[in-house]
Amino acid sequence: MSLSRARMVQGVLLALGYFLVAYVTLVYGRAHGVAAVVWPANAMALGALIFLKRAGCMPEFAALAASNALAHWVIGDGVGPSIAIGLANGMTIGATGWLLVRTGVTQEQPTRTRSVLALFFISVVGPFPGAVLGSIPLSFAFGQTVGIAPLAFSWWLIEAVNFLILLPPCLFWRSAEQRRVAAEFRRRFSNEPSARLRTLELAAASLTLAMAGALVPLTGELWLIELSGTALLWFALRFGMFYTAVTALIFSVCAVTSALLGYWPGAHDANAPQVLLPLQAMLGLTMLPALVVAAIVSQRERARRALHADARRLSYALEGANDGLWDWDLPSGQGFFSQRAARMFGYGPEEFRTASRWDLLIHEDDRGPAKAAFEAHARGETPFYEAEVRCRHKDGSWIWIHDRGKIVERAADGTAIRAVGTYTDISERKRLESALEHLANHDALTQLANRAVFERELDRAAARMERHGGRVAVLLIDVDHFKSVNDTFGHAAGDALLVTVARRLRSTVRTSDLAARLGGDEFAVVACGQSAGEFDILAERLCGALSEPLEGPGYVIKPSVSIGVAVVNSASAVGEEIVARADRALYAAKKDGRATWRFFAGAGKVA
């Protein structure tokens, strides 16, 4: 079935249902003299349009107006009055529905206090044009014995009361999915009782409301109907908008039916109209405070649900990001630390209560810079606070923490009062950074400094010489006959020899000297001193230490090294020039038979 055809069928069924309700109400009302105060057809029709999501559609209003006119004509009203009354009722439904749509009071909108107050306003204003229009033909139908104003007021009041009583269940009805989500929320986050206890509470509230309503016919005091307002507040506080609206509707229908059947005080055939209208008005005004309270409770429940959802999302985000949360009250020094933050340091939440405890955990070398960064932010010099610090774990180890935060509250004079931020454990990142830095600055096989570090050390040595004087020496070292070692014993033996040479080189040079591998079997040392004799002793010691035999699986290697030494006392010569001089000295050592060292003596000479 197409959408337009389905809508047409729904429209026909709605018009037919409206005709039947209007016809029965007219026949019964006129037979018992209450036709002027019992008219639920318009409110029921508008409620059906709300369910069908067509509360503001003109074709449906026209169909309902025609059905109303037909009902009046069938019971014997003239054609003219029937048409006029039908148009008036169609205008009442149309104006009220249009106001509902314009003010946003629909099922798609969440229940809120504004919706209840808007519904009250719409119930009062919506029927007014139709009441004025419909009272004119009615006045003529009564032979003008009843004025237009009284008829208009009676018409308006009964429509307003019926809308206020019958529309809330339609507007505040929640889908099965909404009810499921609310029930799941209560189950997981609320301290409310179980479903069985909730059912018993609902039954107790309903019994209380029924007893409050029964007091009126039992005592004959109409004012006791106001006690039902207390029971309706119970529904409003505990069961929400929809249950409150449905319960109030059922109670109102039961009360009006009791009055029609003569069980209500003063509800006899002669004066039933005088009793029913005040009764319905009282019921409408009694349920209004309950709906307002229910709306307030619903808003708070939505806010609580949203708060819990945000808290869970924040918790998931912090856990996923490996973050802990802190909140620091600066004047008192008291701090809140999330469980994740406490666990990060190996403590329980109660052990990690104050900010002073946090300060004690920071490494003394990092405490000053972190404090300075926070104070700069507190003075407004930076948009936020950020520091990377080492902190003592409960087990005694050190962990790296990325501490970030922001001042979120200040006094009138600008003094920082409250700061909020996060901790992130960056120990693994720091370890990886250290490993990458090591790889970038060290030879992978021997773990000595590489050529880039060697060149930077030359620059630093030149700077030191300019400040403090002295001499700088470069020692270039070659492993003699290294190719024959690879050819004779294999590359594994060659690698073992290089690693051994590196280890012996590192243990032989002074702590202030830099040992590096420049590539292949070539090593270098950058040394600082005051006299050339120091470097001669160093070269002799290196030549002896690096020539000791090396035993391996199935082989014995007797290595030797050639060393070229260049010494300068001018910072301008520390760089490519000193390396070139050491290279010429190395060439001289090899030429003189290897296993020895030679100095660059200046003017191209080697000694």
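Everything numeric in this text was worked out from a predicted model, so none of it was measured.
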Quiz item: What orientation do F374 and H377 show, parallel under 30°, tilted 30 to 60°, or perpendicular over 60°?
Solution: perpendicular

Self-check item: Charged N-O contact under 4.0 Å between E201 and R238
Solution: yes

Exercise. Mind listing the closest non-hydrogen atom pair of Y385 and A370 along with its distance?
Key: CE1-O, 3.5 Å

Quiz prompt | Flag, side chain of D583 to backbone of V579, donor-acceptor distance under 3.5 Å | solution = no

Quiz item: Will you find, in the side chains of R54 and Q10, an N or O donor that is under 3.5 Å from an N or O acceptor?
Solution: yes

Quiz item: Which residues satisfy the salt bridge (Lys or Arg N to Asp or Glu O under 4.0 Å) test with R594, sequence neighbours excluded?
Solution: D480

Quiz prompt | Salt bridge flag under 4.0 Å for residues R429 and E388 | solution = yes

Exercise. Show your reasoning for whether side chain to side chain donor-acceptor pair (under 3.5 Å) applies to R404 and T424.
Key: CA-CA 8 Å; R404 290 165 292 184; T424 305; 2.7 Å; yes

Self-check item: E534: salt bridge (Lys or Arg N to Asp or Glu O under 4.0 Å) partners, not counting sequence neighbours
Solution: R510

Practice problem: Would you mind telling me which of W326, Y423, F337 makes a ring pair (Phe, Tyr, Trp, His ring centres under 6.0 Å) with F345? | Solution: Y423

Self-check item: Near-ring test H363/W398, centroid separation under 6.0 angstrom
Solution: yes

Practice problem: Measure centre to centre between the rings of Y555 and F489, then say whether the value is under 6.0 Å. | Solution: yes

Practice problem: Using modelled atom types only, decide if a donor and an acceptor are shared between the side chain of T500 and the backbone of A496 within a distance under 3.5 Å. | Solution: yes

Quiz prompt | SB check R390 D366 (cutoff 4.0 Å) | solution = yes

Quiz prompt | Modelled atom types, side-chain donor and acceptor of D487 and S484, under 3.5 Å | solution = no

Quiz item: For G544, does its backbone N or O pair with a side-chain atom of S547 as donor and acceptor, under 3.5 Å?
Solution: no

Quiz item: Short question: side chain of T382, backbone of F384 - any donor-acceptor pair under 3.5 Å?
Solution: yes

Quiz item: Should R431 and E428 count as an ion pair when the cut-off is N to O under 4.0 Å?
Solution: yes

Practice problem: Give a yes or no answer on whether the side chain of N450 reaches the backbone of A440 with a donor-acceptor pair at less than 3.5 Å. | Solution: yes

